[in-house]
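Note sheet for the following structure.
First listed ligand is number 1; within each ligand, the first listed atom is number 1.
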Amino acid sequence: MASPSKPTPAKTTPAKAAPAKKGGAKGTPAKASSGGSPELVKHPIFDELGFQTDPNNLYRQTVSSMLAAADIMNLPHHLKIILAQPKNEIMVNFPVLMDDGEYRLFKGYRVQHNNALGPYKGGLRFHHDVHLDDVKSLAFLMTMKCSLVGVPFGGGKGGIKVDPYKHSKGEMERIVRRFTAAIAHQIGPDYDIPAPDVGSNAQHMAWIADTYSFLSEVGGHQPEAVITGKPVAYGGSLGREKATGQGVVDTLVEMLPEIGIDIKGCKFSVLGFGNVGSWTGRILQDRGAKMIAVMDHTGAIQNDAGIDAHALALHCQKTGGVAGFKGAGRIDKDEFYQTKVDVFVPAALEQMITEGEARMLNCKVVAEGANAPTTPAGERVLEARGIEVLPAILCNAGGVTVSYFEWVQNKTCQQWDLERVDRELNKHMVQAAKRVRDARKKYKCNLRTAAYAAALERLQAVYSVRSLFP
Ligand code: GLU
């Protein structure tokens, strides 16, 4: 498969000239590098558990938001320490034959954060710059997300350190199948159920399901339920591909009225135009909203009269990015962030909205389509500026919710129609939004802390009846 060009931010103003820390996956710009060195987020639990002391450490930053909620709701100490670390951290190294006849060694991960509410659940990221702490953060977020949105799963996440766009289809198939073999005894339809994430897709899920079925001895018991996000022809669910974007839109429909924004005619911008960004753009446009600006790893574009999200999605499928799209003009990175919109949707990688971006944003609401896109320092700036943040564990929970429906369909040998999938998804999203609003009232806090508090309440309830073994 052709490799998209390296991130080429259009023009970069002097203030943003520092090279990006990490290259973005297809559809996602490189992680932000501006904002200076943030302060180290502190909590006694970090010292007790010997957390990394790098202020940029994603895991420390992510867990700090949960601990803020745990503190205001007086969560017992033992639950804080249990939830601050994953149960299992699995790392595998495996050799794969390349097309040139040489073997290359790859590194893969599966982190199983918590299974108090059900089997571990979460995606597999295929990215050249994925590290254990990233995977730990994402697994932790899955525990919180599943709890908040009311699906009977715990949290997990995995990945392979690989750039999927730099390998032929044959190489990718061998990499994915060999990785599956390396972790096959650690996953299972009732134990740990992976899914797609950044850089992985339905074809990869099909190879994983097929390899697992081949290796496992559970023939006849729906071994394909070991993974979700599969092609519809092989046990996938209708509506799964667009599910995360659909969930972002369902959340906005639920939350915007109280912020005084009408979705019809509302203006929005999107950072990252991969699966989440492009589906959010298309569905929002179909609901009468107008996409004004988009930025991905190939550059940034803007059109005040509106960018056709459907046409842009087709353009990206053909060319690999938003650059060169005829229906909009090119702008630079700073202009993108400064574009006046009602809603800004970060739908790329983690830690992209640091202090610098937060100061530039010209919006009323940030709807987090990506996992952990806002750093604690970025969040403080947004809060001080009165910008409402719809937190990722609520906003992007549509993907895992429809994964749950896929798993149920596999287990019960059913195929739901799209209308049923969308209706059930909407129920979960509306319920979760309500729980977040209720928690905000109860604890008098911002929406992120409220979302964590609502997720923690459910975890606390299950621990209080299960208690701890032995
Ligand atoms: N990777 C997606 C997420 O971060 C989906 C996970 C799943 O479907 O299990 O929510």
Side-chain angles (χ1 to χ4, degrees), residues 25 27-28 58 62 109-115 117-127 130 134-160 187-189 191-202 204-205 208-209 224-231 235-237 239-248 250-251 272 274-277 279-280 346-350 367-373 391-410 421 424-425 428-429 432 451 455:
T28 68
L58 177 66
T62 317
Y109 306 90
R110 187 69 189 168
V111 172
Q112 296 163 334
H113 178 262
N114 187 277
N115 62 351
L117 289 168
Y120 301 107
K121 182 83 191 84
L124 294 172
R125 176 167 296 193
F126 297 168
H127 192 271
V130 66
D134 302 333
V135 184
K136 279 170 66 177
S137 308
L138 296 164
F140 160 83
L141 288 170
M142 289 309 301
T143 300
M144 298 297 146
K145 203 185 293 188
C146 291
S147 176
L148 174 62
V149 87
V151 296
F153 289 137
K157 201 76 161 202
I160 307 176
I187 57 175
Y191 181 65
D192 183 358
I193 305 139
D197 194 73
V198 173
S200 59
N201 59 36
H204 301 141
M205 302 303 111
I208 294 171
E224 73 276 13
V226 69
I227 197 150
T228 57
K230 300 180 291 290
S237 177
R240 175 62 186 84
E241 200 203 311
K242 66 166 180 136
T244 310
Q246 183 71 58
V248 173
D250 286 359
T251 307
N275 174 286
V276 181
W279 278 111
T280 303
L349 294 172
E350 305 79 37
E368 293 186 337
N371 288 308
I393 63 166
L394 169 66
C395 212
N396 79 12
V400 74
T401 304
V402 177
S403 274
Y404 164 54
F405 302 156
E406 178 174 333
W407 182 78
V408 169
Q409 290 170 73
N410 292 162
V421 171
E424 295 293 327
L425 171 61
H428 279 264
M429 298 308 298

(request) Report the residues that fulfil salt bridge (Lys or Arg N to Asp or Glu O under 4.0 Å) with D250, sequence neighbours left out, ordered by chain and then residue number. (result)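 Partners of D250 by the salt bridge (Lys or Arg N to Asp or Glu O under 4.0 Å) criterion come out as none, since no residue qualifies.
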Going by distance alone, is a donor N or O of one side chain under 3.5 Å from an acceptor N or O of the other, for [X] and [Y]?
X	Y	answer
T401	H428	no
S403	R240	yes
N115	K121	no
K145	N371	yes

(message) With a 4.0 Å heavy-atom cut-off, what residues sit around ligand 1?
(response) K121, G122, G123, M142, K145, K157, A195, P196, D197, R240, N371, G399, V400, S403
(message) I need the I208 CD1 to L124 CG distance, nearest 0.5 Å.
(response)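 Answer rounded to 0.5 Å: 5.0 Å.
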